[in-house]
Amino acid sequence: MSNFRLTYLKWQRHLVLGDGWRIFVRPIRPDDEFLIRDLLVHVTNEDLRLRFFDSIKEFSHQFIAKLTQLDYARAMAFVAIDEASSEMLGVVWLYSDSIHETGEFAILLRSDLHGRGLGWVLMQLIIEYAKSEGLSRIYGEILQENSVMLKMCRELGFKIKTDVEDGGVCDVTLVLEAG
Ligand SMILES: CC(C)(COP(=O)(O)OP(=O)(O)OC[C@H]1O[C@@H](n2cnc3c(N)ncnc32)[C@H](O)[C@@H]1OP(=O)(O)O)[C@@H](O)C(=O)NCCC(=O)NCCS
């Protein structure tokens with residue numbers, strides 16, 4: 001069995017969120033383009049700005065490919081799929097550095113699904129993955145006004161500092177113990 005196939009099977013999860021919401025989480029695949037396009041249709045411009053720090057005018061094939069076609073030796077992403085509708089609900093990404101010591105995460109959910117615990121579950125899973133990969137810390141850049149994400153990071157144990165070069169951005173870092 002190929003390495004990716006093993007990873008793919010290992011990181012699948014059937015989960016039930018607090019309100020009985022059944023979701024399936026699995027590693028992203030290159031053929032997720034269609035599902036992620038549909039997810040992006042359900043994301044507000046403001047949420048796109050919080051994720052990409054930019055206003056995105058067009059979801060080109062190249063833009064989508066960067067999100068779905070990962071070099072799994074250096075990156076991972078988990079997608080959450082609704083068990084009932086098979087729609088993609090959210091994605092969390094992790095990109096590690098060349099020496100596989102640290103990783104940068106990013107997360108994006110459908111805007112109509114916030115506040116139901118999905119972000120929390122995906123963040124916990126990517127932390128578990130980073131630990132299992134032996135990374136010593138993960139970090140992210142969060143806009144100052146993104147109070148939901150900053151609060152969640154604080155509760156997950158991240159240290160939060162204002163970026164030295166850009167006061168509008170917070171650097172959040174979580175030191176990991178091997179899992
Ligand atoms: C930020 C984002 C991922 C949050 O996802 P979410 O599903 O709305 O968040 P959750 O419902 O899991 O968690 C939010 C709340 O629950 C808390 N929470 C959830 N589960 C919890 C648990 N088991 N224990 C403790 N706290 C928990 C969070 O801190 C937060 O508190 P509140 O609801 O009381 O205000 C989502 O809003 C999003 O996609 N935003 C746009 C993109 C973005 O901002 N990305 C971050 C930059 S990369």
Side-chain angles (χ1 to χ4, degrees), residues 25 27-30 32-80 87-127 129-130 133 135-176:
V25 182
I28 204 163
R29 302 188 307 241
D32 279 327
E33 171 157 357
F34 176 76
L35 286 178
I36 208 166
R37 277 189 184 280
D38 184 61
L39 178 147
L40 291 169
V41 166
H42 293 89
V43 176
T44 62
N45 288 339
E46 174 60 5
D47 281 348
L48 288 173
R49 190 181 69 84
L50 293 175
R51 162 65 179 88
F52 298 105
F53 290 25
D54 204 356
S55 57
I56 313 288
K57 303 267 181 298
E58 186 204 351
F59 302 125
S60 65
H61 172 70
Q62 199 184 14
F63 176 83
I64 301 283
K66 274 193 197 161
L67 301 177
T68 56
Q69 297 181 23
L70 305 183
D71 170 4
Y72 294 105
R74 292 273 299 275
M76 178 47 80
F78 296 122
V79 300
E87 289 175 327
M88 191 182 286
L89 311 170
V91 190
V92 61
W93 292 264
L94 183 72
Y95 300 91
S96 66
D97 62 7
S98 57
I99 55 167
H100 217 69
E101 188 182 4
T102 66
E104 179 171 11
F105 75 86
I107 183 166
L108 183 68
L109 310 186
R110 272 175 58 153
S111 300
D112 54 341
L113 301 175
H114 291 186
R116 294 175 62 187
L118 182 58
W120 180 269
V121 161
L122 288 178
M123 284 302 295
Q124 283 188 315
L125 191 62
I126 208 73
I127 291 167
Y129 177 80
E133 285 290 291
L135 299 184
S136 60
R137 63 193 159 89
I138 63 171
Y139 66 94
E141 292 188 339
I142 312 292
L143 290 174
Q144 289 276 7
E145 62 268 32
N146 197 347
S147 52
V148 172
M149 191 64 200
L150 288 172
K151 176 171 173 251
M152 189 159 73
C153 286
R154 201 169 287 116
E155 287 170 5
L156 285 163
F158 283 78
K159 292 265 180 310
I160 301 176
K161 282 188 187 159
T162 301
D163 189 279
V164 285
E165 283 168 15
D166 183 347
V169 173
C170 289
D171 299 322
V172 301
T173 306
L174 181 68
V175 174
L176 304 174

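Worth knowing before you read on, the calculation uses all heavy atoms, side chains too, and leaves out hydrogens, waters and symmetry mates. Numbering starts at 1 and runs along the sequence shown.
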Looking at residues at least two apart in the chain, or sitting in another chain, which of them share a side chain to side chain donor-acceptor pair (under 3.5 Å) with [X]?
{"X": "Ser55", "result": "Lys57"}
{"X": "Asp32", "result": "Arg26"}
{"X": "Thr68", "result": "none"}
{"X": "Thr173", "result": "none"}

Output all residues satisfying salt bridge (charged side-chain N to carboxylate O under 4.0 Å, His left out) with Glu141, sequence neighbours left out; order by chain, then residue number.
->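 Residues passing salt bridge (charged side-chain N to carboxylate O under 4.0 Å, His left out) with Glu141: none at all.
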
Mind checking what makes salt bridge (charged side-chain N to carboxylate O under 4.0 Å, His left out) contact with Arg116, not counting sequence neighbours?
->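 If we apply the salt bridge (charged side-chain N to carboxylate O under 4.0 Å, His left out) test to Arg116, skipping adjacent residues, the hits are Asp19.
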
Gln124 side, atom CD; Ile127 side, atom CD1 - distance, nearest 0.5 Å =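 Reported to 0.5 Å precision, the distance equals 7.0 Å.
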
Side-chain donor-acceptor pairs under 3.5 Å in residues 149-164, sequence neighbours left out?
| residue | atom | partner | partner atom | Å |
| --- | --- | --- | --- | --- |
| Asp163 | OD1 | Glu165 | N | 2.8 |
| Asp163 | OD1 | Asp166 | N | 3.0 |

Name the atoms and distances for all side-chain donor-acceptor pairs under 3.5 Å in residues 41-54, with sequence neighbours left out.
| residue | atom | partner | partner atom | Å |
| --- | --- | --- | --- | --- |
| His42 | ND1 | Asp38 | O | 2.9 |
| Thr44 | OG1 | Asp47 | N | 3.1 |
| Glu46 | OE1 | Arg49 | NE | 3.1 |
| Glu46 | OE1 | Arg49 | NH2 | 3.4 |
| Glu46 | OE2 | Arg49 | NH2 | 3.0 |
| Asp47 | OD2 | Ser111 | OG | 2.6 |
| Asp47 | OD2 | His114 | NE2 | 3.3 |
| Arg49 | NH1 | Glu145 | OE2 | 3.1 |
| Arg49 | NH2 | Glu145 | OE2 | 2.8 |

Set of ring pair (Phe, Tyr, Trp, His ring centres under 6.0 Å) partners for Phe78, sequence neighbours left out |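 Residues passing ring pair (Phe, Tyr, Trp, His ring centres under 6.0 Å) with Phe78: Trp11, Tyr129.
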
Residue pair Leu40 / Ile64, side-chain heavy-atom distance below 4.5 Å |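 In contact.
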
Any side-chain heavy atom of Leu39 sitting closer than 4.5 Å to one from Leu108?
->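 In short, these two side chains touch, coming nearer than 4.5 Å.
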
Got a sec, which pairs hit side-chain hydrogen bond (donor to acceptor under 3.5 Å, both in side chains) with one end in residues 94-104, sequence neighbours left out?
->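 Residue pairs with at least one partner in residues 94-104: Ser96-His100, Asp97-Thr102, His100-Glu133.
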
May I ask you to decide if Phe59's main-chain N or O and Arg37's side chain share a donor-acceptor pair within less than 3.5 Å?
->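 Looks like yes, one N/O pair under 3.5 Å.
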
